[in-house]
Amino acid sequence: MKLLLTSGGVTNPSIHSALVELLGKPIAECHALVVPTAQWGHPMCGPASVRSLVAAEPDYRHFSGLGWASLGVLELTALPTIGAERWVPWVQKADVLLVDGGDATYLCHWMRESGLADLMPSLPHTVWVGVSAGSMVMTPRIGEYFVEWPSAPDDRTLGVVDFSIFPHLDAFPTNTLGDAERWAASIGGPAYAIDEQTAIKVVDGSVQVVSEGQWTKFGPRPT
């Protein structure tokens, strides 16, 4: 899949242009499925925030509210009970998956349980747009700092990309550059700290930072 890994969504013209380039056509001609699943794994999320996402309310104007041709919901927790013959065609017909934040380990669990993780390699033309945990789930590890789901066995995620992501840089008092540096030291691999005006575009293994804000790249620890 083509990946656009963001902290806060499509928040500026540079990220918007990157998204349109990945889609290969205007947003208004693209059919999207929004994935709210990660929200259920985070204590700060719940029915109201999921409704806001699905209804494309103003808080989500940079994501589900971008003006898609159609917007459907793909709830991963339901997929194992309805059969792949129903839901796989829905995913195959979508131009883009909009994967919201919450807890990345919970999202990872349900991506595997639902079968979506196994389907991903067969979707080379589909664009994955992640926000926060929806981006972090593609990395090898998120660090214990970001694990909120009590049943998470550890901080490992899918490892589709070979770097980790510290989102919301300077958006919260506990997400300073100093916090990111301490987090990166615990990861032990390449990592990026990105703010709400930054995205990471990944196509065929090529990684490009798209930003009108602040970001920092961390290297692996010396051995």
Side-chain angles (χ1 to χ4, degrees), residues 2-78 90-91 93-104 106-107 110 126-138 142 146 148-149 165-176 192-201 209-215:
K2 304 171 186 177
L3 309 180
L4 188 65
L5 307 177
T6 82
S7 177
V10 184
T11 52
N12 60 56
S14 297
I15 300 176
H16 189 279
S17 295
L19 174 57
V20 173
E21 181 181 352
L22 290 174
L23 293 168
K25 54 185 175 181
I27 288 173
E29 297 177 12
C30 293
H31 299 277
L33 290 176
V34 63
V35 180
T37 305
Q39 288 208 31
W40 302 119
H42 198 287
M44 293 181 66
C45 303
S49 59
V50 170
R51 181 197 179 280
S52 184
L53 167 70
V54 171
E57 293 183 349
D59 284 350
Y60 286 92
R61 64 191 180 279
H62 302 305
F63 196 45
S64 52
L66 286 169
W68 304 99
S70 68
L71 185 68
V73 179
L74 189 71
E75 176 47 66
L76 303 188
T77 62
W90 303 339
V91 176
K93 291 177 183 177
D95 296 296
V96 59
L97 300 182
L98 305 176
V99 188
D100 199 28
D103 187 277
Y106 184 81
L107 176 60
W110 283 107
T126 308
V127 178
W128 176 287
V129 182
V131 163
S132 192
S135 298
M136 298 165 75
V137 74
M138 291 297 186
I142 65 170
F146 289 109
E148 296 284 353
W149 181 39
I165 295 174
F166 182 103
H168 309 304
L169 181 63
D170 290 330
F172 307 111
T174 55
N175 282 50
T176 66
Y192 293 86
I194 61 175
D195 71 0
E196 307 304 270
Q197 300 297 322
T198 301
I200 303 172
K201 182 173 72 170
V209 176
V210 180
S211 181
E212 295 185 16
Q214 302 297 319
W215 62 278

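Hydrogens, waters and symmetry mates are skipped; everything else that's a heavy atom, side chains included, is used. Nothing here was measured: the structure is a model prediction, and the numbers come from that model.
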Under 3.5 Å, which donor-acceptor pairs link side chains of residues 64-73 to any protein atom two or more places apart or in another chain?
residue: Ser64; atom: OG; partner: Leu53; partner atom: O; Å: 2.7
residue: Trp68; atom: NE1; partner: Phe63; partner atom: O; Å: 3.0
residue: Ser70; atom: OG; partner: His31; partner atom: ND1; Å: 2.6

Nearest 0.5 angstrom please: [X] [atom1] to [Y] [atom2], how far?
X	Y	atom1	atom2	value
Tyr192	Ile200	OH	CD1	6.0 Å
Leu33	Trp90	CG	CH2	9.0 Å
Leu98	Leu4	CG	CG	10.5 Å

His42 meets the ring-ring contact (aromatic ring centres under 6.0 Å, His included) criterion, sequence neighbours left out, with none

Minimal non-hydrogen separation, [X] against [Y], with atom names:
X	Y	result
Ala133	Leu107	O-CD2, 3.8 Å
Ser52	Asp59	OG-CB, 4.1 Å
Ile142	Ala104	CG2-CB, 3.9 Å
Ser132	Gly101	CB-CA, 4.2 Å
Met136	Pro167	SD-CG, 3.6 Å
Gly41	Asp103	O-CB, 3.4 Å

Using 30° and 60° as the class limits, which term best fits the ring planes of Phe166 and Phe146: parallel, tilted or perpendicular?
perpendicular

Is the shortest heavy-atom distance from the side chain of [X] to the side chain of [Y] under 4.5 Å?
X	Y	answer
Trp128	Leu5	yes
Asp170	Thr176	yes
Thr37	Glu75	yes
Trp110	Val35	no
Val210	Ser14	yes
Ile194	Leu169	no

I'd like to know whether CD of Glu212 has more than 12 heavy-atom contacts from other residues, nucleotides or ligands below 6.0 angstrom.
yes

Classify the side-chain pair Asn12/Gln197 by whether it contains a donor and acceptor separated by less than 3.5 Å.
yes

Identify the residue among Leu3, Val99, Ile165 that makes a side-chain contact (heavy atoms from CB on, under 4.5 Å) with Met138.
Leu3

Flag, side chain of Thr126 to backbone of Val96, donor-acceptor distance under 3.5 Å
no

Run the side-chain donor-acceptor check on residues 19-30: report pairs under 3.5 Å with partners two or more places apart or on a different chain.
residue: Glu21; atom: OE1; partner: Lys201; partner atom: NZ; Å: 3.3
residue: Lys25; atom: NZ; partner: Asp95; partner atom: OD1; Å: 3.3

